[in-house]
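Counting starts at 1 for both ligands and their atoms, in listed order. Both backbone and side-chain heavy atoms feed into the values below; hydrogens, waters and symmetry mates do not.
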Amino acid sequence: MSRFDTYFLMKTEDIADYVQEKLHFFPDDAKLTCEEIGDGNLNYVFRLKDENTGKTVIVKHAAESLRISEEMKISTDRGRIEAKILAIQGKYAPGLVPEVYLYDPVMCAIIMEDMINHTMMRTAIMRHETFPLFSEHISTFMVNTLLATTDVAMNHKEKKENVKSFISPDLCEITEDLVYTEPYNDCNHRNNVFPPIADFVKKELYEDKALALEVAKLKFDFMTNAQALIHGDLHTGSVFINKEHTFVFDPEFAFYGPIGYDVGNVIANMFFAWCNGDATIDDPALKKEFCDWALTTIEEVVDKFIAKFKVAFKEQVTDYMAKTEGFMEWYLDTILVDTAACAGLESIRRIVGMANVKDITTIPDEQKRARAEKIVITLGKNYIMNKDKFKCGADYIKAINEAIAKFS
Ligand code: SR1
Ligand code: MG
């Protein structure tokens, strides 16, 4: 009998015993210390360290309710999905995800590689560090993990088994509510709207019927388009990074959904980085360097995704009909339409929804924050309403510059 045979919410002081019992990861004479380092909305993340050797390991532990809200209960099965998906993503994008050492369905915990010498990308971005290789790495990650899990490339029966295995009702419901519903009506009365832009939000979001209709259509596409095994939450808090290397982690929202959801999330979150740099960096040269990098990254992510996708499609296509001339162009075009729409949805929901982003909420000057939020909402609406007009990186830069110009 072990005290880890029945689920309980582990605390910092439980982690050393837990890891040693499950894996015997450290020698018996290890001097183990533990800290809780998670800053997400859902889970607890512990780093366990042997002070004698410096060796570390990570334990990600799922609670039965969310960190962000005690009232929101979600299935602890998300850890199983996450562990399996990290293994799949590691197969298709080797070296770009951390290694899982153990998944424990009882304690709902994953023991995994510590991404040492890497920083959470949102944290680094808020220190205005730049990562010129990010667009290269993230475009490879997305093309490799997404295309390989579609019907284009996979055996259709195996793919259907995957759809079944990775069905994730609780996590999908969060996205359906927080991304695809509440930002347009506040129907659950839990939106976080920055008071100085309340009137703007009412007019531009809650009262815009044409926008609501487009979002409604997109919601039903998200719920029914089992296109690929998507990460499902590919924001800069799901990336650990340094100048040379990128790790993508935290795929607990993964399920079979539209590819554009992942690509759009990256685009939107890189623009939050631009907003933070624009509003908070005083030195003009530093501001230019950081903000230019954020925009260049958006442009490169789109263009590199397209270029790599075309090459990978030709190499990986197995379905007879998907080899038909013109199919690849049509298929990619549908992904690009979804990408623009999802960039818009992520932009808007992070400004007015329940889960905001620190890039924006930490802008200390009220007027600058209000301006940034209005730019993002305006841009997000443009992405959604004109989603079929975003065919390359330059189209995004043009739309961004237009939105900025409206509030100059
Ligand atoms: C209630 S969870 C809020 C958000 O945090 C996660 O990272 C997802 O983005 C989710 O929408
Ligand atoms: Mg997360």
Side-chain angles (χ1 to χ4, degrees), residues 36-46 58-79 81-83 85-86 89 97-98 100 108-110 112 115 118-123 125 138 141 168-184 186-192 215 218-219 222-223 230-241 247-255 257 261-270 272 342-361 376 380:
E36 207 279 315
I37 57 166
D39 86 334
N41 296 319
L42 279 75
N43 304 296
Y44 296 85
V45 181
F46 301 95
I58 294 293
V59 178
K60 184 171 172 188
H61 181 39
E64 286 164 319
S65 54
L66 303 191
R67 284 183 88 149
I68 194 177
S69 162
E70 269 291 309
E71 292 146 31
M72 288 176 76
K73 311 282 177 211
I74 52 169
S75 160
T76 41
D77 185 48
R78 64 190 189 271
I81 292 183
E82 175 166 0
I85 281 168
L86 281 171
Q89 291 173 338
V97 298
V100 172
C108 307
I110 302 172
M112 67 169 113
M115 296 167 276
H118 293 66
T119 310
M120 183 185 286
M121 190 171 177
R122 197 183 303 282
T123 308
I125 272 176
I138 200 72
F141 173 83
S168 186
D170 286 0
L171 280 292
C172 282
E173 184 181 47
I174 290 176
T175 305
E176 289 153 22
D177 290 346
L178 267 55
V179 179
Y180 286 89
T181 303
E182 295 168 16
Y184 305 93
D186 198 17
C187 59
N188 289 325
H189 312 292
R190 56 187 185 181
N191 280 357
N192 286 322
V215 175
L218 291 166
K219 180 176 180 179
F222 177 81
M223 294 191 293
I230 66 170
H231 179 284
D233 200 22
L234 199 43
H235 56 83
T236 50
S238 297
V239 171
F240 268 66
I241 197 160
F247 272 125
V248 177
F249 80 124
D250 221 7
E252 65 199 326
F253 281 81
F255 80 115
Y261 192 81
D262 280 356
V263 191
N265 263 255
V266 175
I267 293 168
N269 279 273
M270 284 311 302
F272 301 144
C342 293
L345 293 161
E346 173 73 358
S347 300
I348 291 170
R349 74 98 164 204
R350 293 296 190 182
I351 300 298
V352 303
M354 181 191 188
N356 312 111
V357 282
K358 286 185 186 156
D359 318 46
I360 303 291
T361 57
V376 174

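- Here D250 reaches the Mg ion (ligand 2): one of its N/O/S atoms is less than 2.8 Å from the metal.
- With a heavy-atom cut-off of 4.0 Å, E346 does not touch ligand 1 at all.
- Taking every non-hydrogen atom of A355 and a distance limit under 4.0 Å, the qualifying atoms of ligand 1 come out as 3 (C), 4 (C).
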- side chain to side chain donor-acceptor pair (under 3.5 Å) between R78 and N43, worked out: CA-CA 10 Å; R78 64 190 189 271; N43 304 296; 2.8 Å; yes

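- Under the 6.0 Å cut-off for aromatic ring centres, H118 and F247 qualify, their centroids lying closer than that.
- In this structure, the protein non-hydrogen atom closest to atom 2 (S) of ligand 1 is L42 CD1, 3.4 Å.
- Heavy atoms of D250 found under 4.0 angstrom from ligand 1: none, in either backbone or side chain.
- Near L178, with a cut-off below 4.0 Å to any heavy atom, the atoms of ligand 1 are 1 (C), 3 (C), 11 (O).
- Looking only at heavy atoms of the protein, atom 7 (O) of ligand 1 is closest to D233 OD2, 2.6 Å.
- The ligand atoms of ligand 1 that sit less than 4.0 angstrom from a heavy atom of H235 are 7 (O).
- Counting only heavy atoms of the protein, atom 3 (C) of ligand 1 lies nearest to N41 ND2, 3.4 Å.
- Residue V179 does not touch ligand 1, judged by heavy-atom distances below 4.0 Å.
- Between F255 and F222, the distance from one ring center to the other falls under 6.0 angstrom.
- Panel note: side chain D170, backbone S75; a donor-acceptor pair is recorded below 3.5 Å.
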- How far apart are the C-alpha atoms of E252 and K60, what are their side-chain angles, what is the distance that settles it, and do they pass the salt bridge (Lys or Arg N to Asp or Glu O under 4.0 Å) test? CA-CA 11 Å; E252 65 199 326; K60 184 171 172 188; 3.8 Å; yes

- Message: Between E176 and K219, does the salt bridge (Lys or Arg N to Asp or Glu O under 4.0 Å) criterion hold? Intermediate values first, please.
- Response: CA-CA 7 Å; E176 289 153 22; K219 180 176 180 179; 5.9 Å; no

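- The NE2 atom of H231 sits 9.0 Å away from atom CG of N265, with the distance rounded to the nearest 0.5 Å.
- Annotation for ligand 1: atoms under 4.0 Å from non-hydrogen atoms of R350 are 9 (O).
- If you check which protein heavy atom lies closest to atom 11 (O) of ligand 1, you get R349 NH1, 2.8 Å.
- Proximity of a side-chain donor or acceptor of S347 to a complementary backbone N or O of A343 within less than 3.5 Å is detected.
- Among protein heavy atoms, atom 1 (C) of ligand 1 sits closest to L66 CD1, 3.1 Å.
- Protein heavy atom in closest approach to atom 10 (C) of ligand 1: F253 CZ, 3.7 Å.
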